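Structure first, commentary second.
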Amino acid sequence: MAKITSVALIGILALIATPVLGQAPNTGDMVGTAADRVPVPVTGEEVYTQVCQACHMADAKGGTGAATIPALAKNPRLADAGYPIGMVLQGRGAMPSLTDLLSPSQIAAVVTYVRTHFGNNYRKPVTEADVKTMMGPVQ
């Protein structure tokens with residue numbers, strides 16, 4: 001019969017006591033959605049940061065690459081609130097319609113935020129009613 005040294009015995013016991021890495025929980029494949037882990041944006045700034053900033057950049061100056069993303073900073077087209085509301089509702093070019101992602105309240109908040117920040121000074125707030133009017137009747 002083979003004699004087991006104390007070093008070998010300690011090694012074997014350590015292997016038995018250590019859980020196998022493959023048995024560790026894998027939180028990356030857990031069932032659920034990002035909405036389960038990320039708070040729903042409420043304020044215009046939150047919507048901008050979580051949705052718009054990915055393309056329009058943190059400074060709202062847009063950019064070019066796979067597509068040309070227009071600047072929202074110091075944008076005279078934002079003077080008419082209908083323009084940015086329509087862009088968010090209908091999309092155009094690389095800009096997708098965001099009606100499946102954002103509520104009328106979130107759209108009003110983010111449009112108001114963009115119109116009052118980034119060098120824009122269009123102070124009249126956009127309301128949820130303004131957005132719903134432009135959405136038209138529900139199908």
Side-chain angles (χ1 to χ4, degrees):
M1 192 166 181
K3 186 175 180 184
I4 298 178
T5 66
S6 59
V7 174
L9 182 59
I10 291 171
I12 291 169
L13 291 174
L15 287 172
I16 293 170
T18 305
V20 178
L21 291 177
Q23 294 175 347
N26 181 353
T27 57
D29 290 333
M30 291 179 62
V31 175
T33 65
D36 295 334
R37 295 180 294 278
V38 177
V40 174
V42 177
T43 68
E45 182 176 15
E46 290 170 341
V47 174
Y48 185 85
T49 300
Q50 293 182 28
V51 179
C52 312
Q53 180 174 302
C55 295
H56 290 283
M57 303 297 132
D59 60 4
K61 291 183 179 176
T64 41
T68 298
I69 308 300
L72 300 174
K74 299 179 182 178
N75 189 329
R77 288 182 160 181
L78 302 179
D80 176 5
Y83 176 76
I85 294 170
M87 290 299 292
V88 173
L89 292 176
Q90 298 166 0
R92 188 166 114 204
M95 170 78 180
S97 167
L98 297 174
T99 55
D100 290 340
L101 181 66
L102 300 175
S103 69
S105 174
Q106 290 171 309
I107 294 170
V110 75
V111 169
T112 297
Y113 175 74
V114 170
R115 293 179 75 233
T116 57
H117 290 78
F118 309 113
N120 298 310
N121 195 22
Y122 309 113
R123 294 283 170 205
K124 185 176 182 220
V126 172
T127 66
E128 186 175 350
D130 296 333
V131 174
K132 286 181 177 180
T133 297
M134 288 193 63
M135 290 175 86
V138 177
Q139 307 290 333

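Quick note: residue numbers are just sequence positions, from 1. Computed from a predicted model, the values in this text were never measured in an experiment.
Here the NZ-CD1 distance, from Lys132 to Ile107, works out to 11.0 Å after rounding to the nearest 0.5 Å. Note that OH of Tyr113 is 11.0 Å distant from CG of Leu72, once rounded to the nearest 0.5 Å. Between atom CD of residue Gln106 and atom OG1 of residue Thr99 there is a gap of 12.0 Å, rounded to the nearest 0.5 Å. For the atom pair NZ of Lys61 and CG of Asn75, the computed distance is 13.5 Å after rounding to the nearest 0.5 Å. Taking CZ of Arg92 as the reference point, atom OG of Ser97 lies at 14.0 Å (rounded to 0.5 Å). In this structure, the separation between NZ on Lys124 and OG1 on Thr116 is 14.0 Å, given to the nearest 0.5 Å.
Donor-acceptor pairing under 3.5 Å is recorded for the side chains of Thr127 and Asp130. Checking Ser105 against Ser103 by side-chain atom types alone, no donor-acceptor pair falls below 3.5 Å.
Under a hydrophobic-cluster definition in which Ile, Leu, Val, Met, Phe, Trp and Tyr are linked whenever side-chain heavy atoms come within less than 4.5 Å, directly or via other members, Met134 and Val88 are assigned to the same cluster. Under the 4.5 Å side-chain heavy-atom criterion for Ile, Leu, Val, Met, Phe, Trp and Tyr, Val42 and Leu102 are members of distinct hydrophobic clusters. Under the 4.5 Å side-chain heavy-atom criterion for Ile, Leu, Val, Met, Phe, Trp and Tyr, Ile69 and Met57 are members of distinct hydrophobic clusters.
With hydrogens and angles ignored, the 3.5 Å screen pairs a side-chain donor or acceptor of Arg115 with a backbone N or O of Ala79.
Taking the six-membered ring for Trp and the full ring otherwise, the centers of Tyr48 and Phe118 sit less than 6.0 Å from each other.
With a 6.0 Å radius and a threshold of 12 heavy atoms from other residues, nucleotides or ligands, Glu46 has its CD atom above the threshold.
Cys52 has its side chain within reach of Val110: a pair of non-hydrogen atoms, C-beta onward, lies under 4.5 Å apart. Counting only heavy atoms from C-beta outward, the side chains of His56 and Pro70 approach each other to under 4.5 Å.
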